[in-house]
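Each remark here refers to the structure printed beneath this line.
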Number of protein chains: 2
Amino acid sequence: MYTIGQISEMFHLPISTLRYYDKEGLFPDIERQSGIRQFSEKEVEALRVIECLKGSGLEIKDIKQFMVWVREGSATYAQRKQLFEDRRAAVEEEMRQLEKTLAMIRFKCWYYETALRDGNEDGISAMLPDHLPPEIQGLYDLGHS
Amino acid sequence: MYTIGQISEMFHLPISTLRYYDKEGLFPDIERQSGIRQFSEKEVEALRVIECLKGSGLEIKDIKQFMVWVREGSATYAQRKQLFEDRRAAVEEEMRQLEKTLAMIRFKCWYYETALRDGNEDGISAMLPDHLPPEIQGLYDLGHS
DNA sequence: GTAACACCTAAAGCTAACTTTAGGTCAAGC
DNA sequence: GCTTGACCTAAAGTTAGCTTTAGGTGTTAC
């Protein structure tokens with residue numbers, strides 16, 4: 001059993017955030033000793049799932065729904081499986097998006113390295129064909145900045 | 001030259017968002033014809049950079065700073081290069097984080113597939129050693145949910 | 001000439017996820 | 001017995017990034 005202060009240190013989360021999560025229903029079965037929250041292994045596991053789902057972009061109210069399903073037992077396995085499959089698709093899509101962003105950023109790094117070496121941006125259009133990653137072609141018709 | 005409505009369709013952004021970006025200083029050189037915004041190729045390119053920087057997690061006020069630097073010309077190449085290098089590091093870190101999240105999600109997908117097949121979660125602990133990706137070991141001491 | 005559009009502004013409103021504030025309980029140490 | 005420290009609540013406040021509202025302009029179509 002852990003106090004809220006111990007959990008706060010374990011997860012590097014402010015105490016106020018843990019209380020907020022509790023108020024939002026993310027620890028539906030948490031016990032109390034004369035008013036004081038007793039975090040058990042169950043809540044620790046819940047927090048690991050919370051971090052995962054939050055990291056995948058899920059909102060607090062939907063994480064709460066998941067916690068409700070957990071409490072409902074085996075009748076909700078299908079819903080919970082679906083939730084994680086949707087999360088998988090969402091995270092994979094986000095990673096694809098980040099790859100594109102990264103290609104653009106890498107190009108911009110090259111662009112400013114070159115501009116800095118030359119003292120201006122004027123010769124860059126001529127060098128572009130060799131340096132444009134395919135993701136950026138078509139994006140860069142003209143183009144300072 | 002494009003109207004705000006045309007740009008809205010090109011970028012799939014609401015007109016209100018474009019006006020908001022303008023108010024926040026993201027199109028510092030935009031021209032007007034009797035009050036009406038004239039989006040040129042310059043603003044189109046600005047929007048591509050905005051999408052990129054936003055996708056990398058940068059806040060609007062910092063994107064505005066970038067636009068100010070662009071207007072200041074060659075004196076700010078170094079700052080702009082640094083900005084994109086910081087973005088590269090941030091996006092790469094975010095992708096590493098997403099990989100971890102994805103490992104956990106994939107494990108959860110497997111977990112619920114198994115629970116659904118078995119009708120309960122009770123036999124899963126015994127199967128764990130073969131199915132835990134390394135990222136999740138140590139995380140999963142006990143653990144339903 | 002009037003109705004429909006596409007544009008404009010300023011200001012208020014909204015949402016999520018916290019954080020802060022104000023005030024209170026309780027146990028341990030001096 | 002009183003102060004310190006860790007816990008508690010309810011409610012108000014904060015921030016980013018929009019969105020909505022209310023009211024106005026200017027051009028084109030009938």
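In the text below, chain A, chain B and the rest are named by the order of the sequence lines, each starting its count at 1. When reading the values below, keep in mind they use all heavy atoms of this one structure, side chains included, and skip hydrogens, waters and symmetry mates.
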Without placing hydrogens or testing angles, list every side-chain donor-acceptor pair under 3.5 Å for residues 49-64 of chain A, not counting sequence neighbours.
residue	atom	partner	partner atom	Å
A:Ser56	OG	A:Leu53	O	2.7
A:Glu59	OE1	A:Lys61	NZ	2.6

Touch check for B:Glu24, heavy atoms < 4.0 angstrom, all strands: base, sugar-phosphate only, or nothing?
->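 Contact class for B:Glu24: none.
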Using a 4.0 Å heavy-atom cut-off across all strands, classify A:Ser34 as base, sugar-phosphate, or nothing.
->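 No contact.
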Upstream residue (5' side of DNA chain D) when B:Lys61 and A:Gln6 are each assigned their closest nucleotide =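 It is A:Gln6 whose nearest nucleotide is closer to the 5' end.
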Which pairs pass salt bridge (Lys or Arg N to Asp or Glu O under 4.0 Å) with one or both residues in residues 69-78 of chain A, sequence neighbours excluded?
->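 Only A:Asp29-A:Arg71 qualify under salt bridge (Lys or Arg N to Asp or Glu O under 4.0 Å).
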Please list, chain by chain and in numerical order, all residues satisfying side chain to side chain contact (heavy atoms under 4.5 Å, CB included) with B:Ser40, sequence neighbours excluded.
->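 Applying side chain to side chain contact (heavy atoms under 4.5 Å, CB included) to B:Ser40 gives B:Met1, B:Lys42, B:Glu43.
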In whole angstrom, what separates [X]'s [atom1] from [N]'s [atom2]?
X: B:Asp62; N: D:dA16; atom1: CG; atom2: C1'; result: 12 Å
X: A:Phe27; N: D:dC8; atom1: CZ; atom2: P; result: 12 Å
X: B:Ile50; N: D:dA16; atom1: CD1; atom2: P; result: 17 Å
X: A:Tyr2; N: D:dA6; atom1: OH; atom2: C1'; result: 19 Å
X: B:Arg32; N: D:dT25; atom1: CZ; atom2: P; result: 16 Å

By side-chain hydrogen bond (donor to acceptor under 3.5 Å, both in side chains) - contacts of A:Glu93 (at least two apart) |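 side-chain hydrogen bond (donor to acceptor under 3.5 Å, both in side chains) check on A:Glu93 returns A:Arg96.
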For B:Glu94, check side-chain hydrogen bond (donor to acceptor under 3.5 Å, both in side chains) against everything at least two apart and list the hits.
->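 Per chain and number, B:Glu94 pairs via side-chain hydrogen bond (donor to acceptor under 3.5 Å, both in side chains) with no residue.
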Under 4.0 Å between a side-chain N/O of B:Lys54 and OP1 or OP2 of D:dC18, yes or no?
->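 B:Lys54 to D:dC18 OP1/OP2: side-chain N or O found under 4.0 Å.
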Go through the structure and list residues passing salt bridge (Lys or Arg N to Asp or Glu O under 4.0 Å) with A:Asp22, not counting sequence neighbours.
->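 Testing A:Asp22 for salt bridge (Lys or Arg N to Asp or Glu O under 4.0 Å), a comparison that skips the adjacent residues, returns A:Arg32, A:Arg37.
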Sequence neighbours left out, what passes salt bridge (Lys or Arg N to Asp or Glu O under 4.0 Å) with B:Glu92? Give chain and number order.
->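 Result, salt bridge (Lys or Arg N to Asp or Glu O under 4.0 Å) vs B:Glu92: A:Arg106.
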What parts of residues 9-23 of chain A reach DNA chain C, counting only heavy atoms under 4.0 Å away?
->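 Within this stretch, A:Pro14, A:Ser16, A:Thr17, A:Tyr20, A:Tyr21 sit under 4.0 Å of the strand.
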Taking B:Ser8 for its side chain and B:Ile4 for its backbone only, find out whether a donor-acceptor pair lies under 3.5 Å.
->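 Not confirmed, B:Ser8 side chain does not pair with B:Ile4 backbone.
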Determine the interplanar angle of the B:Tyr77 and A:Tyr112 rings, folded into 0 to 90°, and report it as parallel if under 30°, tilted if 30 to 60°, perpendicular if over 60°.
->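 Judged by the thresholds at 30° and 60°, the geometry between B:Tyr77 and A:Tyr112 is tilted.
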Range on DNA chain C touched by chain B - first to last nucleotide, heavy-atom distance under 4.0 Å =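 Footprint of chain B along DNA chain C, 5' to 3': C:dC7 to C:dT9.
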